Structure formats: C-alpha cells, structure tokens
Undergrad: 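To start, I am sharing the structure in question, which I have written as structure tokens.
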Amino acid sequence: MARFIARRLVQAVLVILAATFLIFLATFALGDPFASSGEKAVPPDIAEANREKFGLDKPLPVQYLLYVGNMLRGDFGIDFDQHRPVSQLLEAAVPNTVRLAIVAIIIDVLIGVIAGVIAAVKRYSFWDVLVTVIATLAIGIPVFVIGVVLVANVSGWGPFPSVPRSFTVQVPWYQEVLLPAFTLAIIDAAFIARLMRGSMLEVLRADYIRTARAKGLSERRVIGKHAMRNSMIPVVTYVGVSLGVLFGGAIITETIFQYNGVGYLLSRAIVNSNAPIIIAVVVFSVVAYVLISMIVDILYAFLDPRIRLG
Amino acid sequence: MTTPTSAGPPADADATGSALLLPGPDAAASGTTVPLGARGSGQFADIRRRFVRNRLAMVGLAIVTVLIVLAIIGPYVTPYNAFEQNLANTLQPPSADHWFGTDVLGRDLFSGIIYGCRLAILVGLLTVAFSLLIGLSLGAVAGFKGGAWDAVIARFIDIFLAFPPLVGAIVIVRAVGGGVTPVIVALVALGWMTTARLTRGQVLALREAEYVEAARSIGADNRRIVMRHVLPNAIAPVLVYAFTNIGVVIVAMASLSYLGIGVPPDVPEWGRLISQATPFLRVEGKSHLWLAPALAIAITTLGFAFVADGMRDSLDPKLRGGN
Amino acid sequence: MRRSRAALSAIALSAVVGMVLTGCSQKSNTGSNGGSQASVGFPETQDLPPVAGKPGGTFRLGITEPTAIDPYNAQESEGILVNKALFTGLVNVKPNGDVYDGVASKWEPNADCTAWTFTLKPGQTFSNGEPVDSAAFKRGWERTSAKDSASDVAYHLNEIKGFDEMQAGTATTLSGVDATDPASLKVALSKPDCEFNLRTAAPPLAPVPTVAGAADNKAYNDQPIGNGPFKMDGPWQHDRGIKLVRNDTFGAGPKANLDAVEITITPADTGIQAEYDGFNNGQFDWARVPTPLLSQARSAQEPKNQWISKKTAGINYLLVSVTTKPLDTADARKAISMAIDRAAITQGIFQGSQVPADAFIPASFSKVYQPGVCEACTYNVDEAKSLAQKAGLTPGTEVNFQFNTGGGHEEWTAAVKQQLETNLGLKVTYSGVPFRDLLKNEQQPGATGLFRAGWTADYPTAGNFLTPLLSTAAIGAATPQDVAVGDNRGRYSNPKFDDLLAQAAATQDEAKRDDLYKQAEKIAIGDDLALIPLFARQQFRMANTAMFGNVRMDFWENPTLSEITLK
Amino acid sequence: MARTSRHAAAAPGESRHLLEVRDLKVHFQTGGGVVKAVDGVSWHVDAGETLAIVGESGSGKSVSAMTLLGLVPSPPATFPSGRVLLEGRSLLDMPEQQQRRLRGKDIAMIFQDPLTALNPVFRVGEQIAEMVRTHQDIGKMAAKTRAVELLAEVGIPDPRLRATQYPHEFSGGMRQRAMIAMALANDPKVLIADEPTTALDVTVQAQIMALLEKLQAERDTAIVLITHDLGLVAAHADRIMVMYAGRVVEEGTNDEIFAAPRHAYTHGLLSSLTRMDHVRPEKLEPIPGQPPNLARVPQGCAFHPRCRFASDACRGEVPLLVPAAPGSAHRHACLHSDEVAIAHERPREPAPVVAAATPVEERAPMLEVRELVKHFPIKVGTFVKRTVGEVRAVDGVSLSIPEGSTLSLVGESGCGKSTVARAILRLHEPTSGSVELAGRDITGMSQPVLRKARSDMQIVFQDPYASLNPRMTVRQILTEKYELLGGQVTDSTIPDLLETVGLAADYADRYPHEFSGGQRQRVGIARAIALNPRFVVLDEPVSALDVSIQAQVLNLLEELQQEFGLTYLFIAHDLSVVRHISDRVAVMYLGGIVEIADRDALFERPHHPYTQALISAVPIPDPAVERVRERIVLTGDVPNPANPPSGCRFRTRCWKHLELSDDDKRRCIEEPPPLLSASGSGRHHVACHFAGEREVLRG
C-alpha cells in the first residue's frame, strides 16, 4: 500500500511538473506576459517586479526553475488591476470553491446514486424510464441555462439567498452554497445516475449477487451491501474526476451566482485579461485536479481490495 | 499480484456460466446455429435487430436523423436567411411568419436554430471524429506496443486530463483566435484522452485474445493484427462513447459561445442565442428567446445519448436481460 | 499620455456604457437640431423636487470592482464614485458640468493662463483631524505624479511645471506647486491652460493626509482617509463590497444626510444585469439597466418616478486607423459612416432608447454642440457607394472590425457589420477580443480598420473630446513604426487642427474658446471624419425614490450620494 | 458416500422425501420465443444421499436447482407449474420472507466458479460470518469466530489469517473450500453443488470432492450434484438423473445408469466418453449434431434428430418416463430402450491405429525441442520499467515428436504446457533453447522467414469462441491465411476445406457467432490444416466442448492425422482424452517435464509420484471401477512459478516426500532430480529421486 501511494505520488508530481511546464511554455516562453499592453497599462514597476520574480531576463531553463520555485512558495506575482498578490486572491477564493465542490458532490452523489439504484433495481419500470430520460436530458442542458434559470426564479426564495444581494447581508455559507451547488450537482447527478444504473445492472448479474441471495439475505441487504459496494467503484472514479474538476473552480456557475470562488476569480481575470491571475488559477486547477485524483485513486484501492496489493 | 490498473469489466462470461440462468442469445449461440432464413449480414443483423427493438434508441435515431437532415438541407429550406437582420422587426413573439419569433437583431429565430443545428452537428461530428482519430491511434499504440510507449502515452493522457476542460478550451481558443476551427481544435485537444484510454484498455485486453494469436500463427504482422483483428473489435465501445460525447461537445461549444468565446458573435450559434436572451429571462412573453435554443441543445444531446445507449445495449447483449 | 482612462475603463467594465447612448432629440432640442434626425430616443427626465435633508438611511448599490479608490489611482466611474464620497477637491462639478466651490473658495488664472491661484476655505480637516491645507494638496499631487507610484492617471497633472521630472524620477517635489501659504495654493503650468481649474475636480488632484504615506501603502489604498462627505467603515473588502458612513467633520460643504452607503461589488461582465436584478429584488436602491430591458424598465419605473434618464458627456464611436489602408482617405471613412443606418440600430436594437450622433462633441456641451457637423453621419447608401467607389473601397475589400467582449457590444456591432457588408459589399473581418487586447491591437503600428470605442469626459469641457483623441501630440508614437502609446490611436494628424486647439487652450474668453473648438471639430469630423461618431451617450438609472429624496445622477454618472436623503 | 437412504423416517405430510420437486416447469420469455429451460421435471433427494443431475449445457439442469433457491429472476422467468417440497413444506407457495429464511439455512448452494461467486470487496471471513448471522441469533464476534472454525473445518490452513483476506488472495481450490464453508455454515439439510469442480484442476477437484464426502458423512447432508462430468458422477453419486432439453430422459442408481443405460441419449453420452482405464482405446461413437435451441425444441422426443434409433413414433408424442423394469426406480423416456440395451452390450471397435509403414519409434522426428526456456520478466515502474523478477514458465524442456505421431503434454493449469506450445511456434519468443521443425531451426529464423515458415506449423486453440475474429466471416478467416502465406484461393478451396472438417460449404459466409462451439472448433481446425502444415499444436482443443461434441472433434482430429500424416503436439489437462489420442505423453509440473513415456507405459506404469497423483485424481466413468480405486489426494496448490521450491519442485505437495526419511527428504530439497531413464526403458524417463511404480488406474 505504501508503495502504491508512493508511486501514485511520484506520478502526480510528474504530471504536475509536465502540465505546469506546458503552461509555462504557453505563457512565458512565447513572450513577456507582463508586457504592458492596452488601456490599463501595467505600471512599469509592477511589470518589472513580476519580470524579476520570474527571471525573464534569464535563460529559459532557469526561468522555469524560478517559476516552479515561486509556485512552490505559493508566489504567483501581483495582479494587473488591483496590484494585490495573486496568492492572497487565491487564498480568499479557494475555501469557497472547496466548500462548493464538496457540497455539490454530496448532493450529486446522493441524488445520482439513489436514482441510479432505483432505475437499476426497478429495471424497465416507469421509474427506470423516468430516471433515464431525466438524466439524459439533464446532461443535455447546459449548466448556464440551469444556472440563470435558477437565479431568475429560485434565488431569494425560501432558504436560497437572493442573487445578487448587498454584501452586508450576512448569509451562512451553507445557504450561500446551496443553489450553485445544486446547479453543479444536476448534471453530475445525471451522469452518476446513468453510471450507477449501468454498473448496478452489471453487478446484479454477477455470481456473487446470486451467492448473496442464496445465503437468504434480504433483497435490501443484497442491493444495499453486496451490490452497492461493487457498483460504487466506477462511480468513485467519476466522482474523483468530477471533484478534481470542481476544485479547480466552476467558472460558469460561480460567475452566475457571484460566488466568490476560484472560478469567479478566473472569469473576472479572463474578462480583464489579468494574466497573473489566469496563470495562477490554471496552475491551481491542474494541481488540485491531479492531487484529488491521486487521493481518489488511493481511496479507490480501499474500496476495491483487488488493486490494493500494488 | 497484478498491476494496479483499475479493474476492467469482468471477463467475458463464458457460455457455461451465465447462459445457464438466462438462455437468451447466448444459449442460441451455443445451442445451435441460426436457421438459414435468419441470415442477414451476420452479427450486425443481430445488433440491428436488438437496436430496432429498443424504443428509446429508435426515438434517438429519429432525432439524430432529423438533425442531420436539417444540418444538411436546413439552410435551403429555412424560411429566412438565418443571418439576415431586420432591425425594424426585432424581438417579435412567435407568429405564423416567424415560428419562433425574431431575436434582438430581427433575425428569424427558427432559421437561426436550424443554422445553429448545422453548426452544432458539424462541430460535434468533426470534434468527435478527430478525437477518435487521435484517441484511437494513441490508444492502439499504447495498448499494443506497451512498455515505454504505453507509459509515455499514459502520462500524456494524464497531463491533458489535468487541464480543467472549459478553462483549457478558453485558453486555447484565445491563443488560436476566434472562429469555428479553433473551437474544434480546443475541443479535440481536450477531448481525445478518454477515447485513447478506452481504446488502450480494449486493445490491451484484445492483444491477448486467442484470435490475435491465431492471426500471428498464420503469419500476420503487427500492422495487420492491429488494423484487422484488434481495432475492429476494440472499436465498438469507443464508438459508443464517441456518440455519447457528441452531445457533450455541443454543450461545450455552447458554453464557450455563452462566454463570448469561439464562433463569431453574429453567428446564430445556440449558446450565443441563449446568452443573447438571458436578459429576457424574467421578461414575460420573451421566454421563447432562450427556450428555443436551450431545447435545441437538450434535444440534440438527448438524441445522440439515446442512440449511444441503444448502441451499447445492442452491442452487449448481456446488458439486456430476457426482455 | 493624455487619455481618459477613467472613462474608457468604465466602458470596458460595464456593458451598459457601450450600449446605452444619448438621445439628443428631445423636443426642446429638435429646433437646433436642424431636423436632421427623426424624433427618437428616450426623453430626459426632470429632477424630482428637492427634499429637505435629514440624517439617516443607508443607500445600497452595486458597482464592479474598481481599480482603486485611493486618489492616486482612482480612475473608472466606479472608483470615482467611492473617491468622490471620500474626498473633496479644490473645485466641484455639478451634474450638468457647472463648476462650484470645493475646498477652494476662489480660483483665478494669470493673464496667459500659465499660473493659477486657489484660495482655500479655512478650518478644513480630514476625518482623522489632520488639516486640509495647501500642503495637503501638494502632498497628494506629488504622491500621484511620483514615478514610483506608477499612477495610471498621473496625466491629469501633466500641465503642471515639474511633472515631467516627477515622472522621470529626477525630482521629489512638484516644482510648479507652491504651498508656502497654507491657505492658498499657487500652481505654475508648463503651457497655457485656461481651463485648468476643471482638472482639479479629478480624483488624482485630491488632498491627502500625511498618514497616506507612499502610493504603495496598502492599508491606505484599501481604507483611505479623506476630507469628503463620507468616510470608510472598515477597509475595502475586495470583490465583496465597500461600506461608507457619514463624515461628521466634513466642512467643505453641507454635510451628507445618509448614515451609510453600502456598495456591493458585482461581476465584471454581467454587473449591469446584477444591478438590475438587485434593484428588482430589493437589494439595491440604484441600478443600471441592461439594454434589452430598457423599455421594459422604463415603462415599469417611469410612472413611479423611479426612472432617471440623462444625456451625459460621452459618445460612442468607431475608432479608425486613418494611416493604413483601406480607410486612409476621408472618402473611405465617409463611405463607411454613411453606410451605417444609425437610426435603424437605435430603433431595432436599442429600442429607441438611443439617438444617432450627428457630431462628435455631445449635445450636453450645449454651447459647443454643432448639430449635423458630421455630415457623413447621415444614412445614405447611394452616396456611400459612390464615395466608396472613389476611395477604392470596392466590393470584397477586407475591412477589419474589432470590438471588446464582455461589454454587451455583440449585437449592435453585428448590425454594423451586416450593414457594411450589405450596403458596400465589403468583407468585414469581425471579431470580439478582451478589452485589454482590443486596446493593444489599436496601438499596433500596423493596426487597420475599425475598432469599437467610447469616450466620456474627464472634465466638463469640449476640449476634452478633441485634444486627447485627435491631436498629433496625443498619438504618442515618434514614427509610424512605433506603438501608439497616446490616446490618438487612429493616428490622425492635422496641423491646422492642432493649431486651433493650442489657441483655444490659451484663450480665457469662453465664447471665443468655444468657437475655436467648433472650428477644430469641423475640420476633424466634418471634413476629415477622423473617427466615426455613432451614438451620443445617454444614461438611464432606476432609483429608489420612494424611500430617498434628491437622488440624481452626477457628472460621472453616479448617484449624488452627498445630497441623497431619506424621505 | 453414505448409501443408506433414510427417507422412511422423514416426511410427515405429503412427501416421503427430504426434498421433492414435482413437475417443475421454468420458462423464459425471450425475443426468440418461449424458452422452456425446465419442462416438467420431478425428482427427490433424501438425507445423506447424493443425487447427480447430468446433462450438457442448456439441458436445464442448473435452472431446476436454482429455482429451489428462488434464484431465477422472474420476469423473465415464469413458473407454469411445479411444487417444491422441503420436509413436506411447499417452498414456492411460501411468502418470499419465509423462503428467504430457508435459503442458506435448510438449502445451501455452491457454485461453479468460486472466483466470481465470492464478493470481491468483502473479506472471506466476513462473508461467512454474514451467512451465520443471517440465520442464527449470534453476536458479531461469535460469528467471526465461527467463520474461522468453519474455514479450519474445510481444511484451510491458517484460518485466522485467511478469514481476514479477500477472495482474490485465495487460490481457486481455497476459494471453493471457502464457498463450502459458507454453504455449510448453518448445517443445511440439502446442499446443491452446481458444477463445483469444473473450474478446478483435477488434483484440486479430488481434494474438494473428498472434502464434500467427508462433510456429508459427518452431517448427513443431502447433496444435489449438478455436473456434465460423467466420471465425477460415477465416483460420487448415489442416484443419477440425466436431463436433455429441459426434460428428464433417464433416472436410476449409479450402477444402473452406467451399466445398463436405457435411453439412447445416455447411451450416446457414454459411447462418446474417452476412458483412461482402457488399455486399447475404443473408437469413440459421438452423438451427431448439436443440442437443440431451447426455444425451438424438436417435436416429440427432443433427442430424435440426433438419435440413431429414432423412428416415426419418436417424432410424435413426447415419451413418458417409464420404469425399466416393473417396479424399478430406474426409469427412462425412450421408445427404443431395448435396442439401446443391445447396443450397449456390444463391444466397441478399437480406435483407428495410426496406419504406418514404420512404427512410430523408428520414424524421424518432425519436431525436436531442446532445452527450451521461457521466462517472463516481472516489471514495475512508471516511466522506466525495471525487472524485479521473472516467472519461470518453462524451464528447460526437451522433447521430440516423430513424424505422423501425437505427443501429449499434460499438467495442471499454470504448469507451462501452453507456454511450451507457444514458444515452439514462436508466438512467444523463447528465452533460450532450440526448436527444429523437420530439420529447420525455428528459433533462429528472422521474422519474415518465420512468417513464411508458419505454413508448416499451425495451432488449434482451446476456446473456439475466442479464437475466431468475431468480425470476420469464415471465408475471410480462411482466405486470410492464403493471403498471408501465399496460397492460391480458387472457387473450390474454401468449400473443400470446410468439407474436410465436416462443415457444409454454404457456411463460408457466416460469422463465428452463428456457429455452435463444436462447429467453431471445426473452423479453427480448418484454418490450421489449410495449406497442408506438417505439424499442428492442439492446445486443449476439446476442453471447452460438451462431451458429445468432444468425441466428434477428437474423431475428426484422428481422421485428419491419418489422411494428411500430421504430427500433433496435444496439450491437455484431461487425461482420459490424452490416453485416447496420444502416442506418447509428457507430464509437466512447474515448467519442467517430470515424466515422459509412451502412452500405455505412462498410464499403466507411472513412475513419478505426481503422475500417479494426477492419474488417480481423474474419476473414471464406471462406478464399479471407482468403488475400488484409491485416490491420492495432493495437498495444497501449485506454487508460484516466480518463486519455485528448491530441489524437486514437486516436493511441497509430494505424497511420497512425506513418507521419506529426513536424509532422503533433504535430497529432494537440495537436489533437482534429473530426467532419467526409468525401468531400464529408453523410452520412459522420469525426474524423481525416488521414482517407483504404483497402481493408480484401476482398483
């Protein structure tokens, strides 16, 4: 197990290095990302500070090392508009995004797994068709449609705080996170429901399910224990990927709900061509994704003992 | 014991195991040959038969057919030129003249939706086709060659997967410039990995298949083995995935245009139409503005997904019970 | 470096600005309009009768995240909104552009307008008790113009002697500013400017206390201490909001009535929709309106007197690269201009809320406004075609046309594109790019074709439309191969025009000065069409007049916070 | 097994039997029509008794048993009629909840494939404890303790540790033991064993069956043994029921069925069987054709299309089950039982001798293998693969096959026999050693030369479902070989080829899935013999086929050998088939040959303890013989070939090793035994320090 984790860790580090190298190439090697341009010209001292920090006068390999070194220290330079350290912006945004991602995942796993199990167990029934059609439809509705419709019709109603609202209106985080999480969860829940249904159907045909029934276990126990644990395995993979992506910030949803997470930060940076923030957020997303999927892989090994002995 | 790859699908249940319980198609296969009358073009006839019997799949097929026909002939049959603005006639409600009304530029929304269909189908198909090309080639090389090839390609896949898809697409489109081609480039660049993974897994399994050994035993070289024996058998689940993915690609393109990135803003792309209509979300009598393109996207995705589901079910008879 | 960054940034950040355009066809105006335009556009609203002030109330509104609220770098209208609440400069500007006293009770230039003397009101203090004297102004101005501050808006001070040295870093004091007498501030200019007093209303010319320190003092940047009618209640919560409370030590004018102002920060690209939604769900008391919803908002709010409609000192136009093909001749530009059906666009897309421009200097400068000076601003396809023919703009000619995304410009630019293609057979290469990129593209030596642009005034003078945008000195490029770092990005250059502007700056007599401005505009717009005016700027707001009185829109298109009162 | 029937003491109420099934019908609604998987079947079993239900795949034998446990999902299944009485209580009428209480308690089941029958994500101990807790009011800890006890009881060493492991950490035999432990956890009255040893090696099969017998004796359990293996039945059943196409065709005691079958199908099955104990193998008399598709069962007696006794009467009514003699419990459903009886008494013809001018011993070798070695490296690493060890699959194998003869390579799975075959053909590149085919060195050939040389050496694979590309028609499959190896395909080539292997010419344009297993194997053979190879590897060519089909294919292989003078290397684990087809036999264990001899010498006078154990483990389809045979039950499993034992590799499981003195034992541990001539014969070699004959074939 320890070796498995160690190897997974090495892999993750390699992938992060390679991915950041690509980002580095795209942003640094192809030109000076801090070159002053446009209306809000970057003040020369800021540009100079950034250049110096990233050693743009040095040879490319040195630049890359500096860049990685800065990243490791969480130092992403200073943003173009506010002249604030990008790391501070990230620090403020990341906890919100993490909350959103976790709540969204909880909602979509709950909905998706329950719907998928019902569809698989009551196969060909009305419920199965209902779940299949709704799930397929949900996948086909772009998240921005769901988001704006929810903002227009649901926000400000019941437990859902208004969007937008005066910043002085204090809303507990769990209320604030509810609607965006739900928006994100709809599509993922649909994917999970389909995945769960398929995997459950597959598992239900397995011999060990027959064994479980032959033991005289109640159907509830057969499904809830024996089938569930096995059919969750592909779902966990999906959830891992999904969580990894969500940790990197849900750009559309966070923006629609004006939710102060990494995605919203990035969307503002894109509108303003705020290069240091864009670079930082992309790097953060990549790292978050790789680390999360590594953790999920390790969890996966706990769920499926067959791959535990690496 | 074994290498810790994720557990693949359970090995093909041999005739003895599951066929006992459900003497469905398996029993037919192991029991006796199909009578001469039911020949058709071999197993594809079976697949087709199973597909045709699947109601959702047929609904999906109907949707996809209509969409493709519309994509091809649409611009010739739409009542108006989808691009033609009529500033004297903007934001009209649906009427006999304009079935879906007109948009903020006075363009006929119905014609716009149909033009958007052409764009969606074109981008969907091309993206998936190029992703298939890359994914199949790399996946096949990784799976068949193994060793260092496999390791390098696997890491490549990991690296590309690590980029958040939407952000990655935004960055690429920004770098390459506006238009349809950059959108396809971005979506392919961020979309080939799953295909490659799937192909790799399939090829890895099939590489050890007895009929591959059989081919080698009659002197087939690697090239022939891959092209004739491995890929044709590996491709089915990959195609199913690709088909499901068409909807995802269409939604992704819509998301990009919603963000104002990608296809030129005066093109009646579905996501762009929705973005244009969002201010009217709470305006009474204007909901057709966003509902029409949103439904178009949903129905398209639904159609392709149903077809893909049907394909999967008919390719893998085990998934379907006695029915 | 003479540029109204403030105005343009505001346009960039807020969708409305590019779309909500002035209608100058109010009935009262049509007389002087020469009847060239049909009566379109939403009428201006009359201010509601003033209400007697009483303390109390919290006024809430949304803005996009400002670049800065600290005077040294406050620039776009959002930054100015906060800055003007926190600081009061030497002079103040009324909503209509009239100047009145701020900290200074009196100001006068010398004969050739190269030196100004401002007499300060006595007993003024910052909210921390420090005195507001002439040194406070000198301190603020030096802080803005210092090289290390790297202010985006230091150019407001560029006429003051010693400015260049400050910018170069060779001086630490602004030699043209004399603060030896605490009660009077003497300013020496490096060239004549008879309108310099207008500039002192700009945020970068505000006084600062000693606690401000250098420009990189983060604590002060986020929580400036000023001499304005309000003061900060806690530091600026970036990306969330800013809270202001009344400054009870305010002495440069009547104290504010409001207890507090709550400013919520909205998304950069959908801020207007957010303001609109926030007003409708009771979260905000003041809001802009997304263009497509203007008529709906108007019919809902106007009967309740919650509708504000004002023409402002701004214009939307197409920037033209006049030195590169294919638009390097006046005929070519005129052909383009005459092929654009402004009326159809204002009617169809802006639902009649806008009015086509027929001059470059907006009608709000009523003494300089020359209706119809832009002859080529009329829609005439036949004439356009023949001009195009003459200019070699043959069908199929490629014309570059760029606009910035995230500003809500997609629709009307698409209409312009199609009109050019339909009417002239041009092949318009049409693309939307981020604002920063659009500006970068305009600056490039090889820039060609059309760029969406907008301009609002920094100061209430017509010269603010001409000098920075069209004078040769404002190109900011020594040779055609250089990047144009000035604001004249079309690189228009005409010695006659430059000469008229120089004369105007040194002319004390307002009527004479206005006449010079008119002549200059006639040359650059009427004859050369150095840029293509499209729509005059008009602004619309929804305001909670049920609860608040004296809610008006100020010169920078913000609510008059210092006057607003609970009813 | 316990032969005393106790049914007299049982059954208040309507049934005298412990478990009785009456007129059970199980139908499936499918797209292709109603599949009558079980069509009116009655049977019973009593305490301590073993009832065997025998039939080929698709005969309905499993379905009928699974119905008892409510394991047949409905829909798609329907149950038009039938009662199941357990101690007089009617099972099928009970509410589901009551049924469930009996399941696993009074009736338990073990399945064919213990790998898939155990839940991979739960510990073995947990799964057994769950079975205990479901039916007994017992605490969690107590149930776990009980699970460990049960594991110990079924002979799993170190049960405490094993209980905490997962199924994938168990070997196949251990898994089946664990399944048995689970099934017996609540001392069920009836144990249904569905092909319990089919997935296991023959030595492990012997272990498992011995275990079942022991447990049955201790607990007086009734066992329903479902199998296709008549040998197993002869060894272990008290009564036998033969099923065909969803119906019972014959039932009786073990001796009755084997000695005096009365149904043509039973007779056919027995005639198809190869027998390991017959000195001179008889000619196999296969049942022609295929088992019917259950959706289209022939009218009348379902067997008539394949029956050589069939008359018009057989096509009319379905024959009823009648007693063989008045009052006898031996019953059959055949209209021609008398003819069957006569046919069964008639001695069978001997198998065709490979006709030859020169005796096999004197012919030149077609294939000469010397010191063949194949090691598979074990690699780890993400980017750079390091070799951390190797699986020594084949470790120095030498053999020689004379032209036109058959050498069989036998051994348990994992012994390396298939690897030898693939290394010979260079389908796997050998690590070292040499292979000569008709005097040409195969090992040194370059790839292009090798590819051409492949026309001389061919292979038939084990799995007829997996060895044909499903996307190619038979014609494409066969033509491909001509394309690759440079032969002319004329209009008659493919039809001729198909005819040679006994397929109709118009099958050429069908896809593999349209064929039955036996037909597919014929296609595989056709591919192998196209272009007249000289040497063919037969890699378990019949082990995936039903008994009746096996005989057809074996006969075909023999005919082809005679007709074309083919040389065969026959890979098998089924010693009965080996005895039938071989000229010479080599026994492999863990990558090396332990004994090699002419066929009869090997079977009649095996010298190596492993060979002896192997032969003794194979049940012989003759209860009379089985009753007197002694079985050598090996302990444990085949060691990991990556880390084989020192010295003699077999010593860890060797029965003889246990009997040796310490000094002798040390010799086994330290010194690998060389392959030496045995009993002075130049044709019999054995690799054992203490080789010696032992009678294992007959009693």
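To find a chain, count down the sequence lines: A is the first, B the second, and so on, and within it residues start at 1. Since this is a predicted model, take the numbers as computed values, not measurements.
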Undergrad: What is the minimum heavy-atom distance between A:Ile252 and B:Ser255, and which atoms define it?
TA: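 Residues A:Ile252 and B:Ser255, closest heavy atoms: CD1-CB, 3.8 Å.
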Undergrad: Minimum heavy-atom separation for A:Gly140 to B:Ile297, with atom names?
TA: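 Looking at all heavy atoms of both residues, the closest pair is O-CG2, 3.2 Å.
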Undergrad: Please look at A:Ile16 and chain B and tell me whether the side chain, the backbone, both or neither of the residue comes under 4.5 angstrom of a heavy atom of that chain.
TA: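 For A:Ile16, there is no contact with chain B at all, as no heavy atom is under 4.5 Å.
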Undergrad: To the nearest 0.5 Å, how far apart are CD1 in B:Ile170 and CD1 in A:Ile270?
TA: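 So the CD1 of B:Ile170 and the CD1 of A:Ile270 are separated by 4.0 Å.
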Undergrad: Quick one: closest heavy-atom pair of B:Leu56 and A:Thr132, and the distance?
TA: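 For B:Leu56 versus A:Thr132, the nearest heavy atoms are CD1-CG2, 4.2 Å.
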Undergrad: Which region of B:Pro165, side chain (C-beta onward) or backbone (N, CA, C, O), has a non-hydrogen atom less than 4.5 Å from a non-hydrogen atom of chain A, or is it both or neither?
TA: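 When you check distances to chain A, only side chain atoms of B:Pro165 fall under 4.5 Å.
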Undergrad: With side-chain contact (heavy atoms from CB on, under 4.5 Å) as the test, would you mind laying out the steps for B:Val167 and A:Leu266 before giving the verdict?
TA: CA-CA 9 Å; B:Val167 178; A:Leu266 179 65; 3.3 Å; yes
Undergrad: Which atoms of A:Val281 come close to chain B, meaning under 4.5 Å heavy atom to heavy atom: side chain ones, backbone ones, both, or neither?
TA: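 Answer is neither: A:Val281 stays 4.5 Å or more from chain B.
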Undergrad: With a 4.5 angstrom heavy-atom cut-off, which part of B:Trp270 approaches chain A: side chain, backbone, both or neither?
TA: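 When you check distances to chain A, no heavy atom of B:Trp270 falls under 4.5 Å.
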Undergrad: With only heavy atoms counted, which part of B:Ile274 is less than 4.5 Å from chain A, the side chain, the backbone, both or neither?
TA: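 Just its side chain gets close to chain A.
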Undergrad: What's the shortest heavy-atom distance between A:Ile251 and B:Leu166, and which atoms?
TA: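 Closest heavy-atom pair between A:Ile251 and B:Leu166: CG2-CD2, 3.3 Å.
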Undergrad: According to the salt bridge (Lys or Arg N to Asp or Glu O under 4.0 Å) rule, which pairs have a member within residues 268-286 of chain A, sequence neighbours left out?
TA: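 Sorted pair list: A:Arg268-C:Asp239.
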Undergrad: Against chain B, label A:Val290 side chain, backbone, both or neither, depending on which of its atoms sit under 4.5 Å from a heavy atom there.
TA: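 The answer is the side chain of A:Val290.
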Undergrad: Which pair of non-hydrogen atoms, one from B:Val251 and one from A:Pro142, has the smallest distance, and what is that distance?
TA: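 Minimum heavy-atom contact is CG1-CA, 3.9 Å.
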Undergrad: What residues of residues 240-247 of chain B make heavy-atom contacts with chain A at a cutoff under 4.5 angstrom?
TA: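 If one takes a 4.5 Å heavy-atom cut-off, the residues of residues 240-247 of chain B near chain A are B:Thr244.
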Undergrad: If we define contacts as heavy-atom pairs under 4.5 Å, which of B:Ile261, B:Leu295, B:Ile250, B:Ile159 has the most with chain A?
TA: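 Between B:Ile261, B:Leu295, B:Ile250, B:Ile159, the count favours B:Ile159.
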Undergrad: Just verifying a value: how many Å separate A:Ile256 CD1 and B:Tyr258 OH, rounded to the nearest 0.5 Å?
TA: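 Those atoms lie 4.0 Å apart.
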Undergrad: Between atom CG of B:Leu161 and atom OH of A:Tyr289, what is the distance when rounded to the nearest 0.5 Å?
TA: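 So the CG of B:Leu161 and the OH of A:Tyr289 are separated by 4.5 Å.
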Undergrad: Less than 4.5 Å to any heavy atom of chain B: does that hold for the side chain of A:Leu246, its backbone, both, or neither?
TA: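 Contact with chain B is absent: no heavy atom of A:Leu246 under 4.5 Å.
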Undergrad: Which atom names give the shortest non-hydrogen contact between A:Val133 and B:Leu302, and what distance separates them?
TA: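 Scanning both residues, the minimum pair turns out to be O-CD1, 4.1 Å.
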Undergrad: Please report the C-alpha distance between B:Leu259 and A:Phe144 in whole Å, then the side-chain angles of each, then the deciding distance to 0.1 Å, and finally whether the side-chain contact (heavy atoms from CB on, under 4.5 Å) criterion is met.
TA: CA-CA 10 Å; B:Leu259 294 170; A:Phe144 52 86; over 6 Å; no
Undergrad: With only heavy atoms counted, which part of A:Val145 is less than 4.5 Å from chain B, the side chain, the backbone, both or neither?
TA: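 Just the side chain, heavy atoms under 4.5 Å.
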Undergrad: So which of A:Val129, A:Val149, A:Ile141, A:Ile278 has the largest heavy-atom pair count under 4.5 angstrom toward chain B?
TA: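 Of the candidates given, the most pairs with chain B belong to A:Val149.
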Undergrad: In terms of heavy-atom proximity below 4.5 Å to chain B, should A:Val245 be classed as side chain, backbone, both, or neither?
TA: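 For A:Val245, the side chain is the part near chain B, not the backbone.
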Undergrad: Tell me, for B:Ile299 versus chain A, whether the close heavy atoms (under 4.5 Å) come from the side chain, the backbone, both or neither.
TA: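 Contact with chain A: none, neither part.
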Undergrad: Can you tell me which of B:Phe163, B:Phe304, B:Phe156 forms the most heavy-atom pairs within a distance under 4.5 Å of chain A?
TA: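 Of the candidates given, the most pairs with chain A belong to B:Phe163.
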Undergrad: Using a 4.5 angstrom heavy-atom cutoff, name the option from A:Ser293, A:Ala19, A:Ala152, A:Ala206 with the most pairs to chain B.
TA: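 Heavy-atom pair counts peak at A:Ala152.
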